Amino acid sequence: MSDAPDGPLDRLLAALDLHEIEGWGPRGEDDVWRGDSVPGPARRVYGGQVLAQALLACGRTVEDDRLPHSLHAYFLREGSLESPIDFAVERLRDGRSFSARRTHAIQAGRPILSLTASFQVDQPGYETHVPMPDGVPAPEEVTSAFEALRGIDHPAARYWADGSAFELAHVGGSLYVGPADEPRPQQMVWMRARHAIESDDLLLHRALLAYSCDQVMLEPILRGAGKSWLDVGGAVPMASLDHAMWFHRDARADEWLLYVQESPGAQGGRGLGLARVYDRDGALVATIAQEGMVRLPA
């Protein structure tokens, strides 16, 4: 892993370093945080960025011994890259073990995302999980997007090769330059941050997991339909609608994580993507669900 100074990952980490705003709003509300945006593959704010910032804003209002174990969010509007985003946090409840928070991401006076998150003190208990699939090639044995797209003279290819904060390696090939050889609504992807992250802040690493997963959650729908990212846009608009995550175990965003993904169905111009996320030792660290607008022709 390598990255130039002030590279994509460093710019993302700067955008996730929220600062508190005092006296925000007509009643001078507290618990309001502000963040900037980083460019993505489209001319709008990347949804995963707002998701990560909203989770961080909520996390800044709970005790340090409580980490997010779940979040549920709705993407409401496109965000502009030209204006900062404010996150007004509502403290719903603080119990002996759990804390609940709600926030709206506000830009130009309008909400662009609404998120509710629950935080928990680390507690022992019964543990089990669905095991990681057998026979998955190691990430070093899979061609990454950095390798596959470097040198291709196209804006999207340049972004995924040089401008992305995360490295992706699709088992069996990606959908960047063409559809899969065999259309089926399942895939596996290795992912990690572009370079090592100095911080050991577990809240930050969970926020980075929320950031990174948004870019692959709807891919199984495209894969099952025999389409690629070249088909998205214009006649086939695609956007995240809602997003849910459950964090099961600690994980670092700068270490390889395996996304085992599927899409159980698509209808009405919408499709559902599911993912189980494993670390290299085979521990299940997160489960994710996202529904998106995917207006593929019938």
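Only heavy atoms go into these numbers, but all of them, side chains included; no hydrogens, no water, no symmetry mates. Every value quoted in this text rests on a predicted model; they were computed, and no experiment measured them.
Here S114 contributes atom OG and D242 contributes atom CG; the two are 11.5 Å apart, rounded to the nearest 0.5 Å. Atom-to-atom distance recorded for Q215:CD and M217:CE is 11.5 Å, nearest 0.5 angstrom. Going from atom CD1 of I106 over to atom OG of S83 covers 13.0 Å, rounded to the nearest 0.5 Å. Considering CZ of R270 and CD1 of I221, their distance stands at 10.5 Å, rounded to 0.5 Å. Taken from CG in L16 to CG in L203, the straight-line distance is 10.0 Å, to the nearest 0.5 Å. To the nearest 0.5 Å, the span separating CZ on R252 from CG on L257 amounts to 11.0 Å.
D281 contributes no side-chain N or O that, together with a main-chain N or O of A283, makes up a donor-acceptor pair within less than 3.5 Å. Of the possible donor and acceptor atoms, one in the side chain of S212 sits under 3.5 Å from a partner among the backbone N and O of L208. For Q49 (side chain) and V38 (main-chain N/O), a donor-acceptor pair under 3.5 Å exists by modelled atom type. Side-chain atoms of R276 never come within 3.5 Å of backbone atoms of A286 as a donor-acceptor pair (strictly under, hydrogens ignored).
In summary, the side chains of W33 and Q53 do not present any donor paired with an acceptor at a separation below 3.5 Å, with no hydrogens or angles considered. A donor-acceptor contact under 3.5 angstrom links the side chains of T61 and R101, judged on distance only. Side-chain contact of T116 with H72: a donor-acceptor pair under 3.5 Å is absent, judged by distance alone. Counting only N and O atoms by type, the side chains of Q290 and S240 include a donor and acceptor under 3.5 Å apart. Between the side chains of Q261 and Q187, at least one donor N or O sits under 3.5 Å from an acceptor N or O. The closest side-chain donor-acceptor pair between Q123 and S97 falls under 3.5 angstrom.
Applying the side-chain hydrogen bond (donor to acceptor under 3.5 Å, both in side chains) criterion to S228, with sequence neighbours excluded, gives no partner residue. For the side chain to side chain contact (heavy atoms under 4.5 Å, CB included) test, residues two or more places apart in sequence or in another chain that qualify with A100 are L92. Take P183 and apply the side chain to side chain contact (heavy atoms under 4.5 Å, CB included) test, not counting sequence neighbours, and it matches no residue. Every residue two or more places apart in sequence or in another chain that forms a ring pair (Phe, Tyr, Trp, His ring centres under 6.0 Å) with F98 is listed here: H69.
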R77/Q107 under side-chain contact (heavy atoms from CB on, under 4.5 Å): CA gap, chis, key distance, verdict
CA-CA 10 Å; R77 294 179 176 86; Q107 192 176 53; over 6 Å; no
Could you walk me through whether L51 and L113 pass side-chain contact (heavy atoms from CB on, under 4.5 Å), step by step?
CA-CA 8 Å; L51 193 70; L113 175 136; 4.3 Å; yes
What do the steps show when you test I197 against L9 for side-chain contact (heavy atoms from CB on, under 4.5 Å), and what is the final call?
CA-CA 9 Å; I197 297 170; L9 180 58; 4.1 Å; yes
Salt bridge (charged side-chain N to carboxylate O under 4.0 Å, His left out) between R192 and E167, intermediate numbers included
CA-CA 6 Å; R192 68 174 176 181; E167 180 177 10; 3.3 Å; yes
Take E78 and V45 through the side-chain contact (heavy atoms from CB on, under 4.5 Å) test and state the conclusion after the steps.
CA-CA 7 Å; E78 288 188 2; V45 174; over 6 Å; no
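P8 and D162 get closest at one heavy-atom pair: CG-O, 3.4 Å. The minimum heavy-atom distance linking A57 with F87 is given by the pair CB-CB, 3.7 Å. Between S80 and S37, the shortest heavy-atom distance links the atoms O-OG, 4.3 Å. Heavy-atom minimum distance, A15 versus D36: CB-O, 3.5 Å. Residues Y259 and C213 share a closest heavy-atom pair of CE2-CB, 3.6 Å. Counting all heavy atoms, side chain and backbone alike, L149 lies closest to A157 at CB-O, 3.9 Å.
No option in L67, V285, V277, L209 other than L209 meets the side-chain contact (heavy atoms from CB on, under 4.5 Å) test with F247.
In this structure, the side chains of R102 and V89 stay at 4.5 Å or more apart for every pair of heavy atoms. Residues H243 and I288 have side chains in contact (heavy-atom distance under 4.5 Å, counting atoms from C-beta outward). In this structure, the side chains of F119 and L71 stay at 4.5 Å or more apart for every pair of heavy atoms. The closest side-chain heavy-atom distance from D254 to H205 is below 4.5 Å.
Identified under the salt bridge (Lys or Arg N to Asp or Glu O under 4.0 Å) test for residues 61-73, with sequence neighbours left out: none. Legend: salt bridge (Lys or Arg N to Asp or Glu O under 4.0 Å) pairs involving residues 204-215, not counting sequence neighbours, sorted by first then second residue: R206-D250. Sorted by first and then second residue, the salt bridge (Lys or Arg N to Asp or Glu O under 4.0 Å) pairs with a member in residues 43-61 read R60-D201; sequence neighbours excluded. Residue pairs meeting the salt bridge (Lys or Arg N to Asp or Glu O under 4.0 Å) criterion with at least one partner in residues 121-143, sequence neighbours excluded, are E127-R249, E140-R280.
W246 and L55 fall into different hydrophobic clusters, where Ile, Leu, Val, Met, Phe, Trp and Tyr residues are linked whenever their side-chain heavy atoms come under 4.5 Å apart, directly or through other members. Under the 4.5 Å side-chain heavy-atom criterion for Ile, Leu, Val, Met, Phe, Trp and Tyr, L81 and Y46 are members of the same hydrophobic cluster. Note on W229 and L168: same hydrophobic cluster, where clusters join Ile, Leu, Val, Met, Phe, Trp and Tyr whose side-chain heavy atoms are under 4.5 Å apart, directly or indirectly. A single hydrophobic cluster is not seen to contain both L115 and L241; linkage of ILVMFWY side chains at heavy-atom distances under 4.5 Å, directly or through other members, places them apart. Both L13 and F166 are members of a single hydrophobic cluster when ILVMFWY side chains are connected at heavy-atom separations under 4.5 Å.
Note on ring orientation: taking the six-membered ring where Trp is involved, the planes of Y176 and W160 are tilted (angle from 30° to 60°).
Cluster partners of L272, using a side-chain heavy-atom cutoff of under 4.5 Å among ILVMFWY residues and allowing indirect links, are L274. Through direct or relayed side-chain contacts under 4.5 Å between Ile, Leu, Val, Met, Phe, Trp and Tyr, Y126 connects to no other residue. Residues Y74 make up the rest of the hydrophobic cluster containing L76, defined by ILVMFWY side-chain heavy atoms closer than 4.5 Å, directly or through other members. Grouped by direct or indirect side-chain proximity (heavy atoms under 4.5 Å, Ile/Leu/Val/Met/Phe/Trp/Tyr only), Y278 sits with V130, M132, V136, V142, V171, M188, W190, W256, L258, V260, L284.
The pair D86-R34 meets the salt-bridge criterion, since a charged nitrogen lies less than 4.0 angstrom from a carboxylate oxygen. Ion pair D181/R223 not flagged as a salt bridge, since none of the NZ, NE, NH1 or NH2 atoms sits closer than 4.0 Å to an Asp/Glu carboxylate oxygen.
When the shell of 6.0 Å around CZ of R150 is examined, it contains more than 12 heavy atoms from other residues, nucleotides or ligands.
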